[in-house]
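One structure below.
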Amino acid sequence: MHLGPLQKVRLHYRPLVANMLKHLSKVRLKPVSSEKEAHSSVKYLFPKTAHQVSCRLVQEEREACSALKVGVFFSGGQAAGGHNVIAGLFDALKQIHTHSELVGFLEGPIGVLENRRKILGEDAIAPYRNQGGFDLIGSGRLKIETKEQFAKALQNTQDLDGIVVIGGDDSNTNAALMAEFFAAHGSKTKVVGVPKTIDGDLRSEDIEMSFGFDSACKTYAELIGNIAKDALSAKKYYHFIKLMGRSASHITLECALQTQPNLALIGEERKSLAEIVDEIVDLVKKRKEAGKEYGVILVPEGLIEFIPEIEQLIQELNQLLAKSEPISHLTPASAAIFADLPEKIQKQLTMQRDSHGNVQVSMIETELLLIEKVKKKCPHLQVVQHFLGYEGRSCLPSNFDANYSYALGLFSALCIRDQLTGVIGSIQHLRGSVDAWHFKAVPISRLMHFEMRQGKEKPVIQKTLVDMNQSSYIEFSRKRVSWQLQDQYISPGPIQFFGDPELTDSVPVTL
Ligand code: FBP
């Protein structure tokens, strides 16, 4: 692996570790006494694992433990900090017992099905400490879903005490299904999930944030700030910037608060296409009257799925595609909406779904849809189209993500040591110093609800959307009016690794 000067320096960064996680033989996971029951239909689907309650990490001396053999794989999109989960997991296993072993499954869940492994010793891990990407073992989006696949996964992990799944909502749903299958077949292999996704939608009362969100938002905010400075200097273009985030608009909200653009659309406001277009046209006209023919507009990737009429269209398309039926079977209302979309968008909406049945919104040029509609009303508008997505997923992790993901790795080793399965690592009080963090293992089945996927109702972890009552959204709503005409752009600059802790250790505004 070739490393540049900054990458080499980052290898030596020592993630901040909570005192609680420094001496692992002095802590153990203990059940939380009062917790509400899991949903009855979820309990029905997870008879072996849904009865569990969350466990909190408490200080208590523990008897010595024998060596553990643990597997790990990445699932889904990249998120900065992934390598630190592996480093934390490895360091914890070695502390638990010097003969413990860690193996990585290659290219995500498919590596488990094909039993493609890599031994992860210190030599293999060392060049990846505090580095971005998932390239140490790779990742993939395959979903383990048939009985045969679960049986294969069971067979290929029989020699392991546990397996750690580093993934988002769909991958952790899968981890819960795998844990249930393994338990039902009397396997000793425990399954533990780690909350990963730049999208920031794997949130709940217990999971404050997934790792990767902070680094991605800081990267996008740097670029948005640069673009805004350019717009302010050249004064000739409207920049339409689409930001990644498959469904929820958390990334857009965070970046808006960090950079103060003229307009940031939030999908969860559920405006119709006509309302959104009118809002942009209105902004353009007002700014023109003020002598400003430039601007910066943020468009969340998932916006398209929140536009009520298009949401309905997508649902119908999903069902038709799942049954390989033609588009001519759309209802008249959806057919009319489809016909009114630019041809490029029509094609993108009918592209193959991902393995979890989701529309691949990163491939849909929602910003182009808006540009085309706005240009019909403002033909002289000069626009530049941007998409900020992949450039934020594999950057060097910020200190926050480096520390957080390392702690998640350490903690997942403890979950396996303490024989928990079908749980996800939860760290609370993330805004405080690492010593204020609280560690909890939460049964994944408790985060689930039922959703239509590929034409069928399935149990999945509910995505958490931007809530109109959350304080960061209220702050955004209060500020955004003045951003429209007065240019209050902020250019936050690149992620900082050296100097004032206020800069190096800052946490997401929306946390
Ligand atoms: P995860 O939920 O797997 O973390 O991935 C999120 C994401 O980065 C979305 O923001 C984006 O829409 C999608 O992945 C892109 O998927 P792909 O990497 O398959 O192009």
Side-chain angles (χ1 to χ4, degrees), residues 73-83 85 107-110 132-135 137-144 164-175 193-204 207 209-220 223 241-255 267-268 298-306 314 348-349 351-367 386-395 397 401 404-405 408 424 444 447 451 453 460-466 508:
F73 67 90
F74 290 121
S75 183
Q78 280 64 249
H83 289 136
V85 177
E107 287 152 37
I110 196 156
F134 284 177
D135 46 320
I137 50 174
S139 183
R141 286 203 183 275
L142 178 117
K143 184 179 180 189
I144 299 180
V164 176
V165 180
I166 307 173
D169 51 338
D170 285 330
S171 313
N172 275 291
T173 296
N174 236 226
V194 171
K196 167 239 66 163
T197 178
I198 63 159
D199 293 359
D201 55 5
L202 179 46
R203 277 188 208 193
S204 65
I207 297 165
M209 175 117 327
S210 48
F211 78 80
F213 176 80
D214 181 55
S215 310
C217 290
K218 282 181 172 144
T219 303
Y220 301 145
L223 298 172
I241 308 174
K242 183 177 80 167
L243 292 166
M244 224 177 210
R246 194 175 58 210
S247 185
S249 310
H250 297 293
I251 291 180
T252 299
L253 179 61
E254 174 73 29
C255 290
E268 287 82 340
L298 304 187
V299 181
E301 182 181 80
L303 179 78
I304 192 141
E305 284 191 290
F306 285 110
I314 290 176
Q348 291 166 351
L349 276 174
M351 272 180 327
Q352 216 190 344
R353 280 23 188 174
D354 71 11
S355 57
H356 299 270
N358 301 309
V359 184
Q360 299 187 56
V361 280
S362 62
M363 303 290 174
I364 301 175
E365 290 168 272
T366 311
E367 73 288 19
H386 307 262
F387 170 37
L388 302 182
Y390 299 95
E391 43 279 81
R393 298 198 312 184
S394 289
C395 57
D401 274 329
Y404 178 34
S405 50
L408 285 167
I424 187 166
I444 301 173
L447 310 177
E451 253 175 46
R453 290 289 176 93
V460 290
I461 295 180
Q462 186 162 19
K463 275 189 199 303
T464 300
L465 304 177
V466 170

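Sequence positions, counted from 1, serve as the residue numbers for this chain. Counting convention: from 1, in listed order, for ligands and their atoms alike.
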Could you tell me how the ring of H250 sits relative to the ring of F213: parallel (under 30°), tilted (30 to 60°) or perpendicular (over 60°)? perpendicular
Taking the side chain as every heavy atom from C-beta outward, state whether N174 and P109 have any atom pair closer than 4.5 Å. no
Check: Q348 side chain, E365 main-chain N or O, donor-acceptor pair, under 3.5 Å: yes
Can you see whether E268 engages S249 through a side-chain donor-acceptor pair at a distance of less than 3.5 angstrom? yes
At a 4.0 angstrom heavy-atom cut-off, ligand 1 is contacted by G76, G77, R141, K196, T197, I198, D199, M244, G245, R246, E301, S362, Y390, R393
Is any side-chain heavy atom of E107 less than 4.5 Å from a side-chain heavy atom of F73? no
Given side chains that start at C-beta, do those of D169 and T197 come closer than 4.5 Å, heavy atoms only? no
